[in-house]
**Student:** 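Starting off with a structure, shown below.
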Amino acid sequence: FLFFLFSVGYLFAQDSQTSLKLAREHYYQGVFYGKQGKYVEAIMELEKAIELYPAYADAYNALAVVYHRQKQYQKAIEHYLLSIEADPKHVKARTNLAMIYNEQQEYRKAAQQLENALEIDPNYAPAKNLMNSVRKKADEQDARELESQQKEAERLAQMPSKHTAENTQTSPAQSLFNAGTQLIRQGKI
């Protein structure tokens, strides 16, 4: 019985190694095609690599890069996330995902991925270089959103409420409270 278990385990390990070897061959062929701009061929090869070895983080990342180059952003994001799921320490996938978020002006998401990448490898230059730009854009975006919310609150504070319609005077605090209540009702928390 022990011999049987050992034999099955050995065969499984051998099969796994063979699958990984074949997956690597498809991966390298897919990367080759991708660099040549032959995206259909690249996708086929990379999908075959993933089929043979489903935990192949580099293949998911390379497939995402192909989709990214084709501006198929949702598919690229999905595959970058699959790469990160297969290998949470995949710095390139995190940085590439941050690049898409940056392009889509989702600067906070981009910054989060870059922070994670730099926790793993503080010296990874592509993440470090992108982080400076993303942080600046995220801070600018936050400032614009805050300014917009303040303007909206001021605008709503200027609007007559039900209480002012009855000729009752409201204090500035009450006006701000009313404006805040209006924003909440509009889903702008």
Side-chain angles (χ1 to χ4, degrees), residues 1-139 141:
F1 179 73
L2 288 176
F3 177 74
F4 174 75
L5 286 178
F6 178 76
S7 298
V8 169
Y10 178 76
L11 290 174
F12 180 75
Q14 290 294 89
D15 189 44
S16 179
Q17 290 300 320
T18 302
S19 293
L20 179 57
K21 184 179 177 186
L22 286 172
R24 278 192 186 126
E25 290 174 14
H26 287 284
Y27 165 76
Y28 288 121
Q29 191 64 43
V31 170
F32 175 77
Y33 283 135
K35 288 180 179 180
Q36 292 184 334
K38 296 180 178 179
Y39 298 131
V40 173
E41 293 88 347
I43 290 168
M44 288 174 30
E45 290 293 332
L46 293 166
E47 286 179 345
K48 184 66 176 172
I50 291 167
E51 180 183 320
L52 289 166
Y53 195 76
Y56 203 164
D58 287 337
Y60 285 113
N61 183 62
L63 186 54
V65 168
V66 170
Y67 286 130
H68 191 167
R69 287 182 181 162
Q70 293 180 305
K71 299 186 184 334
Q72 294 184 40
Y73 297 116
Q74 193 54 45
K75 283 185 176 183
I77 289 169
E78 289 170 15
H79 285 85
Y80 286 134
L81 290 171
L82 287 168
S83 178
I84 293 166
E85 184 179 321
D87 179 6
K89 294 184 179 189
H90 203 293
V91 177
K92 288 180 184 179
R94 289 185 181 280
T95 304
N96 291 338
L97 180 57
M99 287 171 47
I100 285 186
Y101 288 147
N102 183 47
E103 291 170 19
Q104 294 182 336
Q105 298 179 353
E106 295 185 48
Y107 303 119
R108 284 289 162 219
K109 285 182 176 182
Q112 182 63 51
Q113 288 301 326
L114 292 169
E115 287 169 8
N116 292 341
L118 291 170
E119 279 180 26
I120 297 162
D121 183 356
N123 298 316
Y124 188 61
K128 286 170 64 173
N129 295 339
L130 186 57
M131 179 59 102
N132 295 329
S133 169
V134 166
R135 275 195 180 139
K136 182 179 177 187
K137 290 176 185 176
D139 292 343
Q141 188 177 49

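Values below: all heavy atoms of this structure, side chains included; hydrogens, waters and symmetry mates excluded. Each residue takes its place number in the sequence, starting with 1.
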**Student:** Nearest 0.5 Å, what's the CD-CD distance between Q112 and E106?
**Tutor:**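 The CD atom of E106 is 13.5 Å from CD of Q112, to the nearest 0.5 Å.
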
**Student:** CD1/I120 to CG/D87 distance, rounded to the nearest 0.5 angstrom?
**Tutor:** 8.0 Å

**Student:** Given side-chain contact (heavy atoms from CB on, under 4.5 Å), test I77 with Y67 step by step and report yes or no.
**Tutor:** CA-CA 9 Å; I77 289 169; Y67 286 130; over 6 Å; no

**Student:** Which is it for K21 and T18 under the side-chain contact (heavy atoms from CB on, under 4.5 Å) test, yes or no, and what are the steps along the way?
**Tutor:** CA-CA 5 Å; K21 184 179 177 186; T18 302; 5.7 Å; no

**Student:** Counting only N and O atoms by type, is there a donor-acceptor contact under 3.5 Å from the side chain of R94 to the main-chain atoms of P88?
**Tutor:**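 Side chain of R94 to backbone of P88: a pair is present.
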
**Student:** Please name the pair of heavy atoms, one in I50 and one in A59, separated by the smallest distance, quoted to 0.1 Å.
**Tutor:**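 Heavy-atom minimum between the residues: CG1-CB, 3.7 Å.
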
**Student:** Side chains of M44 and Q29, heavy atoms from C-beta outward: is any pair under 4.5 Å?
**Tutor:** no

**Student:** Would you say L46 and Y60 make side-chain contact, with heavy atoms under 4.5 Å?
**Tutor:** no

**Student:** Using a 4.5 Å cut-off on heavy atoms from C-beta on, say whether the side chain of V31 contacts that of E45.
**Tutor:**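 They are not in contact (no side-chain heavy atoms under 4.5 Å apart), so the answer is no.
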
**Student:** Step by step, would you call E78 with L81 a side-chain contact (heavy atoms from CB on, under 4.5 Å)?
**Tutor:** CA-CA 5 Å; E78 289 170 15; L81 290 171; 5.9 Å; no

**Student:** Would the number of heavy atoms belonging to other residues, nucleotides or ligands and lying under 6.0 Å from CD of E85 be above 12?
**Tutor:**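 It does not: E85 CD has 12 such atoms or fewer within range.
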
**Student:** Taking 4.0 angstrom as the limit, do K38 and E41 come out as a salt bridge?
**Tutor:** no

**Student:** Heavy atoms only: give me the nearest V66-A42 pair and the separation to one decimal.
**Tutor:** CG2-CB, 4.0 Å

**Student:** When rounded to the nearest 0.5 angstrom, what is the spacing between OH in Y56 and CD in E51?
**Tutor:** 15.0 Å

**Student:** Under the 3.5 angstrom rule, does the side chain of H68 hit a backbone N or O of A64 as a donor-acceptor pair?
**Tutor:** no

**Student:** Taking all atoms of both residues into account, what is the closest heavy-atom pair of N102 and Y107, and its distance?
**Tutor:**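 Taking every non-hydrogen atom into account, OD1-CE2, 3.2 Å.
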
**Student:** Hey, are the side chains of V134 and Q113 touching, using non-hydrogen atoms and a 4.5 Å cut-off?
**Tutor:** no

**Student:** Do M131 and E115 come within less than 4.5 Å of each other through their side chains, counting heavy atoms only?
**Tutor:**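 Yes. Closest side-chain heavy atoms under 4.5 Å.
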
**Student:** With no hydrogens and no angle check, is any side-chain donor or acceptor of R69 less than 3.5 Å from a backbone partner on Y39?
**Tutor:**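 Side chain of R69 to backbone of Y39, a donor-acceptor pair under 3.5 Å: no, none is there.
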
**Student:** Run D58 and H90 through side-chain contact (heavy atoms from CB on, under 4.5 Å) and show every step you take.
**Tutor:** CA-CA 8 Å; D58 287 337; H90 203 293; 2.7 Å; yes

**Student:** To the nearest 0.5 Å, how far apart are CG in L20 and CG in L52?
**Tutor:** 9.5 Å

**Student:** Between CG of L114 and CG of L130, what distance do you get to the nearest 0.5 Å?
**Tutor:** 5.0 Å

**Student:** Compare every heavy atom of A117 with every heavy atom of V91, then report the nearest pair and how far apart it is.
**Tutor:** CG1-CB, 3.9 Å

**Student:** What are the two closest heavy atoms between K75 and H79, and how far apart are they?
**Tutor:** O-ND1, 2.8 Å

**Student:** Can you measure from CG (L63) to OH (Y27) and round to the nearest 0.5 angstrom?
**Tutor:** 11.5 Å

**Student:** Does the N96 side chain pair with the main chain of K92, one donor and one acceptor, at a distance under 3.5 Å?
**Tutor:** yes

**Student:** Search all heavy atoms of A93 against all heavy atoms of S83 and return the closest pair with its distance.
**Tutor:** CB-OG, 3.5 Å

